[in-house]
2 protein chains.
Amino acid sequence: MVTLKDVAREAGVTATTASRALRGMDLVTPKTTQKVVAAAEKLGYRMNISAQSLRTGRSGTVTFLTAGIDGAYFSSLAMQFAAELNKQGMHMLIESSRYLVDSQGRERDMSYLFSDGIIGINAKHASKALASHPSVLLEDYTIDSPYDQVNAPSQSGTRAAIRHLYDKGCRHIGLVGHDIPPESDPGASQQVRMLAAKHECLALGLDFDDERSLISVPWSRQGGVEAGHRWADDDLGFDGLYCPSDGLALGVLRGLADRGVDVPKDVAVIGFDGITDGQYSVPTLSTIAVDFTSMAQAAVSLLTHRIEHPDEERYPQTVTVGYKLIERESTAR
Amino acid sequence: MVTLKDVAREAGVTATTASRALRGMDLVTPKTTQKVVAAAEKLGYRMNISAQSLRTGRSGTVTFLTAGIDGAYFSSLAMQFAAELNKQGMHMLIESSRYLVDSQGRERDMSYLFSDGIIGINAKHASKALASHPSVLLEDYTIDSPYDQVNAPSQSGTRAAIRHLYDKGCRHIGLVGHDIPPESDPGASQQVRMLAAKHECLALGLDFDDERSLISVPWSRQGGVEAGHRWADDDLGFDGLYCPSDGLALGVLRGLADRGVDVPKDVAVIGFDGITDGQYSVPTLSTIAVDFTSMAQAAVSLLTHRIEHPDEERYPQTVTVGYKLIERESTAR
DNA sequence: GTGAAAGCGCTAACAA
DNA sequence: TTGTTAGCGCTTTCAC
């Protein structure tokens, strides 16, 4: 293994100078830098990050902590983060929060979390890990959270979605989701969206009933399928369906297809997130497209600030990014 | 920051003993171990991985190197790997090969690649990184590759797909893809699949022409849409369409839907990969489902072997995993 | 502008 | 079974 010392010897300088040269510090003579770089190149030197990290206390790595990156939503989000971090010369470690708790639900030792910070989504149970690092939480709507938050525009986006259905003539709007939470402190995006939908329906003067206006299914594609079936089988009578995620909406589309329902003629469907799959479904899916790129930029920027100013006392910030209503076939009428 | 020394002091032993106790080495008295563990717990000790890694030369981290994890295919693959590595007590760093080459196409410094090994997919241009680590390549069909390979059953799976179309009465089978490569050394899964499809068509005594049997489009969902359009607009006359990836197939379904084509009645469509999206499309997608779990297990096992036996001279191995033909609506007739 | 020396936190070899 | 010592490769004083 070729070390900095080897490079230094080859270049006829000391390790100190070689180190400085390789990092492009400007106290070094251009000529010296040249020599060092040439030597490094010649010997095929690659820096030992562990050593650097031990010395400086920084690893240049950020952990993306999630329950899972499967599915279009998480994977496109994860990609945005990797890209953004790479741009900053950092790297992304991906860690599944599933493996952070043992069978008894206790947090496992996370000694490996040598990363400089954590970007967490659906990872609240990993509280030890979060607390021991600069952390940014995504899609966490806890009030007075101790962490910086970056959120999708769940409220405004949902309202826009409901209004869109309304504008398309829907007067019996149904919500697809697990439940409609009580007003107090909703913690997850799902809950925020359900609540906002209810409020907007009410604001528009529509009939709304916590029980009858909800098709209660699990938050998943399969749940969506079930909701589609129920719409048809139970003759629910909604002329518009709001789904708080595109995954759910895509499931609904499939479930309705199973019953030969015509979307959007019989019922209009709108989703939330803006995953690319919605461009290719049959029918294509109207949705609230969240600005993932901005989410990534905001989160990385908040995080790097915390990493670089560990002692600064700054109140936790919340960034809410923008959205765009995309009208496609599922509400075109 | 609490270090091993602090723990040792608290427990009344030396750092060495503390280190051994914490790692569960059995030369340490159970009683001593107890004390050390208690002290660590009390002080909230977490190991400094950089230091450990510097000392031992191992980071416990594997890089998943890919052009991108967006899309259902890469993300489910990536998840399988993360899960498998986590099971082994290792961690996954995700790195986009896009950021490994600069604008001139030269490989950038990858000093950060402090991981113990690399699992690469679509990452051949990162040859320096691969060469400097134990590496396993996924979906690389290069003959005489210097690296271990883990591949999907592209040949046998493709043949099964074509035979399935044949069994469903298709006699004019079209291939969707970029091109049909020459016989020699195909490097990518796409090429292997196209070639295998051609061979199987020929073996079944079907008409086949490199030009006329191909709908040449880019390897993407959008490419699939285009292919669907062409089928209808150019009156291509295929009664069965083989798509070498589910993404492509889902695009085709959407493209055919644009033209009001009835799948499978007018034309049957089959994909390859087995991503979950195919369960929810309209119509649902028949496909060759690749055993991703086995891919992950095989790759991790090959890699850990190389990591643990760096000096062993072992010829590069190739593992080809199994598949399952899943028949859904898109070929049901 | 460059070098010498110290030390980040850990573990392996050796000694007791 | 436990402790002592040395050093992994790097960067950061502090001197020159």
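These figures come from a predicted structure and were not determined experimentally. Below, chain A is the first sequence line, B the second, and so on; all start at residue 1.
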| remark: Residues A:Asp6 and A:Met1: closest non-hydrogen pair is OD2-O, 3.7 Å

| request: Check the side chains of A:Arg20 and A:Thr16 for a donor-acceptor pair under 3.5 angstrom, ignoring hydrogens and angles. | output: no

| message | Looking only at side-chain N and O atoms, does B:Thr14 offer a donor or acceptor that is under 3.5 Å from a partner on B:Thr17? | response | yes

| message | Tell me the interatomic distance from B:Lys35, atom NZ, to D:dT1, atom P, rounded to whole angstroms. | response | 14 Å

| request: Could you tell me how the ring of B:Phe114 sits relative to the ring of A:Phe114: parallel (under 30°), tilted (30 to 60°) or perpendicular (over 60°)? | output: tilted

| said: A:Ser115 vs A:Thr63, test: side chain to side chain donor-acceptor pair (under 3.5 Å). Steps then yes/no. | reply: CA-CA 6 Å; A:Ser115 56; A:Thr63 296; 2.7 Å; yes

| request: Round to a whole Å and report the spacing from CZ of A:Arg9 to P of D:dC10. | output: 12 Å

| task | Would you please indicate yes or no on a ring centroid separation below 6.0 angstrom for B:Phe292 and B:Tyr73? | result | yes

| query | For A:Arg58 and D:dC10, what is the distance between atoms CZ and C1' respectively, to the nearest whole Å? | reply | 16 Å

| Distance test, side-chain N/O of B:Thr32 to OP1/OP2 of D:dT2, below 4.0 Å | yes

| task | Round to the nearest Å and state the distance from A:Asp26 atom CG to C:dT2 atom P. | result | 12 Å

| Heavy-atom protein contacts under 4.0 Å, nucleotides 4-10 of chain C, coded B base, S sugar-phosphate only, - none | BBBBBBB

